[in-house]
Amino acid sequence: CPKLRGTAFEMTGLEKGEYAPVTFLTLSGCDGLTDKGLGYVARYFGEGVETLNVSGCKLLTGKSLRPLSRSAPNLVSLDLGSTKTKPAHILSLLRRCEKLRSLNVGGCEGVEEEWIRDVMGREFHDCKIYIRR
């Protein structure tokens, strides 16, 4: 999806309910996916998505996690590897996504093993945090 841009989903003219439910979605390596684009993904497909992989989407920042955490209540597995997501945004996501059980943050800015140990010491509904690149 090298030509995917933030407005690609807006331009499709989709309305909620005009598509089959999506439970697994991988956009890994979509260089053009922006925070705005992921916002559209969350808006149109969020309710059903259980597994989302946006690893390697280098334009994504923590700003994209707020709409995602509001629109994807059934999210169980999320791969944010090698995005520009920072620890504060990840903590906010963990607080909101109560069903989240697997989270990859390898290569995210400012995320180190010590930070993960600190986070794992808190109660975050049995979510396992990984550093896979």
Side-chain angles (χ1 to χ4, degrees):
C1 50
K3 297 200 185 282
L4 181 66
R5 295 288 178 254
T7 57
F9 293 98
E10 180 181 37
M11 293 169 53
T12 63
L14 286 174
E15 295 295 328
K16 273 192 160 187
E18 290 185 3
Y19 52 86
V22 174
T23 59
F24 180 89
L25 183 59
T26 184
L27 298 169
S28 178
C30 290
D31 293 335
L33 184 64
T34 63
D35 292 334
K36 186 175 182 179
L38 188 57
Y40 289 118
V41 170
R43 178 175 165 202
Y44 293 117
F45 304 109
E47 280 187 36
V49 172
E50 296 174 5
T51 300
L52 178 62
N53 183 344
V54 292
S55 64
C57 296
K58 300 196 183 299
L59 297 178
L60 289 183
T61 70
K63 292 178 185 176
S64 63
L65 298 183
R66 180 172 230 150
L68 181 65
S69 65
R70 281 190 243 146
S71 300
N74 297 310
L75 193 60
V76 175
S77 178
L78 177 61
D79 191 337
L80 294 171
S82 299
T83 62
K84 294 181 181 177
T85 307
K86 295 182 180 175
H89 298 114
I90 296 167
L91 282 175
S92 180
L93 174 86
L94 285 167
R95 288 184 185 108
R96 289 189 176 115
C97 292
E98 295 181 6
K99 293 183 180 181
L100 194 62
R101 297 293 177 261
S102 175
L103 176 62
N104 177 34
V105 292
C108 291
E109 293 182 12
V111 176
E112 299 172 7
E113 287 187 39
E114 183 177 327
W115 178 83
I116 290 177
R117 279 194 297 274
D118 178 51
V119 170
M120 294 299 283
R122 303 178 199 179
E123 279 297 314
F124 282 115
H125 37 46
D126 299 324
C127 183
K128 304 293 183 230
I129 303 173
Y130 302 94
I131 300 181
R132 288 187 298 253
R133 296 179 198 252

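Residue Leu100 holds its CG atom at 4.0 Å from SG of Cys127, rounded to the nearest 0.5 Å. Here the CG-CG distance, from Leu94 to Leu103, works out to 5.5 Å after rounding to the nearest 0.5 Å. Between the NZ atom of Lys63 and the NZ atom of Lys86 there is a distance of 10.0 Å, given to the nearest 0.5 Å. For the atom pair NZ (Lys84) and NE2 (His89), the distance works out to 13.0 Å, reported to the nearest 0.5 Å.
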Review point. Run the side chain to side chain contact (heavy atoms under 4.5 Å, CB included) check on Thr85 and Leu93 step by step: do they pass?
Key: CA-CA 11 Å; Thr85 307; Leu93 174 86; over 6 Å; no
Practice item. Before giving the answer on side chain to side chain contact (heavy atoms under 4.5 Å, CB included), spell out for Val49 and Leu75 the whole-Å C-alpha distance, their side-chain angles and the decisive distance to 0.1 Å. Key: CA-CA 6 Å; Val49 172; Leu75 193 60; 4.0 Å; yes
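Looking at every heavy atom in both residues, Phe45 comes nearest to Val22 through CD2-CG2, 3.6 Å. Taking all atoms of both residues into account, the shortest heavy-atom contact from Pro87 to Gly110 is CG-O, 3.4 Å. Taking every heavy atom of both residues into account, Ala42 and Pro67 meet most closely at CB-O, 4.0 Å. Nearest heavy atoms, Leu60 versus Leu33: CD2-O, 3.8 Å. The two residues Asn104 and Tyr130 make their nearest non-hydrogen contact at OD1-O, 3.1 Å. In this structure, Trp115 and Val111 approach most closely via the heavy-atom pair CE3-CG1, 3.8 Å.
Of the candidates Leu52, Asp35, Val41, Leu68 forms a side-chain contact (heavy atoms from CB on, under 4.5 Å) with just one, namely Leu52. Of the candidates Ser82, Cys57, Ser55, Ser55 is the only one forming a side-chain contact (heavy atoms from CB on, under 4.5 Å) with Ser28. Here the options are Leu59, Val54, Thr83, the test is side-chain contact (heavy atoms from CB on, under 4.5 Å), and the partner is Leu38; only Val54 passes.
Put simply, the side chain of Asn74 gets close to the backbone of Glu47: a donor and an acceptor are under 3.5 Å apart.
Contact check for Leu65 versus Leu80: side-chain heavy atoms found under the 4.5 Å cut-off. Side chains of Arg66 and Arg96 form a contact here, defined as non-hydrogen atoms less than 4.5 Å apart.
Side-chain heavy atoms closer than 4.5 Å link hydrophobic residues (I, L, V, M, F, W, Y) into clusters, and following such links, even through other members, never connects Val105 to Val76.
Within 6.0 Å of atom CD in Glu112, 12 or fewer heavy atoms from other residues, nucleotides or ligands are found, so the atom counts as exposed in its surroundings.
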